[in-house]
Chemist: 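Got a structure here, written out as structure tokens. Questions coming.
Atoms within each ligand, like the ligands themselves, are counted from 1 in listed order. These numbers come from the heavy atoms of this one structure, side chains and all, not from hydrogens, waters or symmetry mates.
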Amino acid sequence: MYTTEEQRRLFDLSKKLLAEPESTDAAGIKNLRDVILYHEWRYYAQNNPVVSDYEYDMLYKRLQAIEAAHPELITPESPTQRVGSDLTEDFALVEHLTPMLSLDNSYDAADLAGFDERIKNYLGLSADLEIEYCVEPKFDGGTIALVYENDQLVRAATRGNGALGDDITPNIRTLRSVPLRAEFSKFGIVKAELRGEAIIRKDIFVKMNEQRAADELTLFANPRNAATGGLRTKDPSETASRRIEAFIYQVGFAVDASGNNVLPTFKTHDSLIELLGNLGFKIPQHAPTSGGLGERKVCPDIADVAIFCNDWQNKREQYAYEIDGMVVKANSLELQQRAGSTAHHPRWAIAYKFKAKQATTKLLNVEFQVGKVGSITPVAKLEPVALAGVTVSSVSLHNEDFIRNKDLRLGDTVLVERAGDVIPYIVKPMEELRDGSEREIVFPTLCPVCKSELVRAEDEAAWRCENPDCEAQLIQRMIHHVSKNAMDIDGFGESQIERFYRLGWLHNIADIYRLDYEAIAQLEGFGEKSATNLKKAIEKAKQNPIYRLLHSLSIHHLGIKAGKILAAEIQNIWELKDWNEERFRQIKDIGPVLTHNVIRFFQNEKNVELLRQMELLGVNFNQTEADRKKQVSADAPLAGKTILFTGTLTKMGRKEAAAKAEDAGAKNISAVSGNLNYLVVGEDAGSKLKKATALGTVTILTEDEFLALVGS
Ligand code: IVH
């Protein structure tokens, strides 16, 4: 359909258009339409978009704005004059009972306020009047439309082009969450069309891909693709095997025996959804039922909508399903009817889109960094791109295999993802956008810093510089030594270490404990106070529990956890020097590789000398009883957290619950405040739950979730 050259041109053109946010000139209208059509093809037909949803929306909105200003330029073929299509030739086409429209998009509280204002204007309502909204997650799966007639599921279709969809009834019949029979007749409904989303739970998706990897099948890119693909296979048993679930979030059509529309009699969208829940459909739940923040909420006004949407934006990663925003709907069905729809979207609803998690950008260069144990990490330098609220210009490529497996090349356009707190990473190169100018990424054979030959052990992914005196390693080891998880020396970081190293004050980690604070005070940007603070922080670090010291030594694979396990076995660091393999083997969770690394560390006279100096300089080498106790309680699952129980507990008594919480290291408190970490909700929870939800900082748990957390 599109040649590679055309695709490249349209992609570059998109990026150019996106880089000029303010331009809405009529001359560019053809360009805009071309790129929008191209992105729709990539999204709907290829299931493989090359720009983020956000970027697509920006282009679409620009076109809408131009057309609004110049209605004479609107053509029937303009992308704004129809909804997107995912039709294929594999299925029979069926006509939806009412058109399945798209949603308009919003991105922040101001957009939401504008939406609220537009409804009021359109309906001639007073600006002071508050409209009530029902808000739900915007599920990121495949849209479906289910028709029930005389209480039977008679037809199921994809959204298709909004007017016509693919008939996928046999496939949908395999989904357990879709009742084949539901008593609509109890409510006087003879025929109804329900809309919803077919979606795969994230944890199930991960397991499914693991199984596929084991079976050497190609992996699904994401839960959405796995779900939409599963809906449209020719083999219903394949659909069934994908563990797809269907959330129902809308009734498009409902008539009684005489064919009269009965929707308005149900008053609100919220009550209609509740009714569907009672009929056996899977629906977005209210907070008390769903345990967490709640998937569905009736908000008294648009300001409350904005808070709820923002709370969800922050917790979306914790949710079991992929969602890409929230959907805001005027709750009154009468108001919905009066507001009606444009050709593209209902006036009474809007999507609140979360910040993009994926974006495409150029891979400009690869730098090779040397780590504290000499591992070489390739780091991709990217053309800066905005992703979920931050600008990304550099991402780790981990090792040579990562580059080879993904077939990354210099000059590639790459898809970058940043999910939640996860570090951004490259998903894949956009191979179809290559023009032949891309170049292979050549992995160095010599250390980029000390030029010694790199080696790669058979069972390791990383190439390593084996020269322990390599300058890069020395510096990295010192940076690691002072870092938060290691000796945690406050105010001492990468830039200071590098500066002191260049000044010749630091050669190894022992030197950190013999710094000349008077000299430091003379440095530009330091002064008496900073020097004194640094001294205090270093003196404090000398008293650290020994697991920190163990972790700070940059012994390969000796992390915080291994540090704690080893520390629990000894009274003094020097004991480890005399341990043999047999002694290590007695400890659960300490494997042969770490054993080998620790033994090797202590066999090296240089390391022993370094430790001796540190001991002389006053660094603590002894395990104290207090440290041992502290370590046990710090490992408890709720260590240092506050907790509160509310509602009627059904799985345990109040006292029992409080005791379990305490055993897990938590402190029971009596009121909801900014200090509260966990609220456990039983049945009929009331104001405490409301308040905690409004705060947005409290993690809300069901009784089962609490029990799982404390491990009972
Ligand atoms: S309501 C007329 N509610 O988002 C309004 N849509 O661009 C109909 N979607 O593909 C849509 N979650 O399938 C609605 N809670 C939700 C939704 C939702 C996901 C999808 C919908 C459509 C797209 C709208």
Chemist: Does Y122 have R347 sitting over its ring (NZ/CZ under 6.0 Å from centre, angle to axis within 45°)?
Modeler: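 Yes, R347 sits over the ring of Y122.
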Chemist: For the residue pair S271 and T268, confirm or rule out a side-chain donor-acceptor distance under 3.5 Å.
Modeler: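 The criterion, which ignores hydrogens and geometry beyond distance, is satisfied for T268 and S271.
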Chemist: For a distance cut-off of 3.5 Å, show me each N or O of ligand 1 paired with any protein N or O, plus the separation.
Modeler:
{"from": "ligand 1", "atom 1": "3 (N)", "to": "K329", "atom 2": "NZ", "distance (Å)": "3.0"}
{"from": "ligand 1", "atom 1": "4 (O)", "to": "K138", "atom 2": "NZ", "distance (Å)": "3.0"}
{"from": "ligand 1", "atom 1": "7 (O)", "to": "L103", "atom 2": "N", "distance (Å)": "3.3"}
{"from": "ligand 1", "atom 1": "9 (N)", "to": "Y249", "atom 2": "OH", "distance (Å)": "3.4"}
{"from": "ligand 1", "atom 1": "10 (O)", "to": "T143", "atom 2": "OG1", "distance (Å)": "2.9"}
{"from": "ligand 1", "atom 1": "12 (N)", "to": "F139", "atom 2": "N", "distance (Å)": "3.0"}
{"from": "ligand 1", "atom 1": "13 (O)", "to": "T143", "atom 2": "OG1", "distance (Å)": "2.8"}
{"from": "ligand 1", "atom 1": "13 (O)", "to": "E197", "atom 2": "OE1", "distance (Å)": "2.9"}
{"from": "ligand 1", "atom 1": "13 (O)", "to": "Y249", "atom 2": "OH", "distance (Å)": "2.4"}
{"from": "ligand 1", "atom 1": "15 (N)", "to": "E136", "atom 2": "OE1", "distance (Å)": "2.8"}
{"from": "ligand 1", "atom 1": "15 (N)", "to": "P137", "atom 2": "O", "distance (Å)": "3.0"}

Chemist: Spell out, as yes or no, whether a donor-acceptor pair under 3.5 Å connects the side chain of D256 to the backbone of G188.
Modeler: no
Chemist: Restricting to pairs with a member in residues 684-704, which pass salt bridge (Lys or Arg N to Asp or Glu O under 4.0 Å), not counting sequence neighbours?
Modeler: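 As it turns out, the salt bridge (Lys or Arg N to Asp or Glu O under 4.0 Å) pairs with a partner in residues 684-704, which skip direct neighbours, are K651-D704.
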Chemist: Under the salt bridge (Lys or Arg N to Asp or Glu O under 4.0 Å) rule, what pairs show up with a residue in residues 274-290, not counting sequence neighbours?
Modeler: E245-K282, E274-R296
Chemist: Side chains of residues 110-118: which donor-acceptor partners sit under 3.5 Å, not counting sequence neighbours?
Modeler:
{"from": "D111", "atom 1": "OD2", "to": "Y107", "atom 2": "N", "distance (Å)": "2.7"}
{"from": "D116", "atom 1": "OD1", "to": "Y133", "atom 2": "OH", "distance (Å)": "2.5"}
{"from": "D116", "atom 1": "OD2", "to": "K120", "atom 2": "NZ", "distance (Å)": "2.8"}

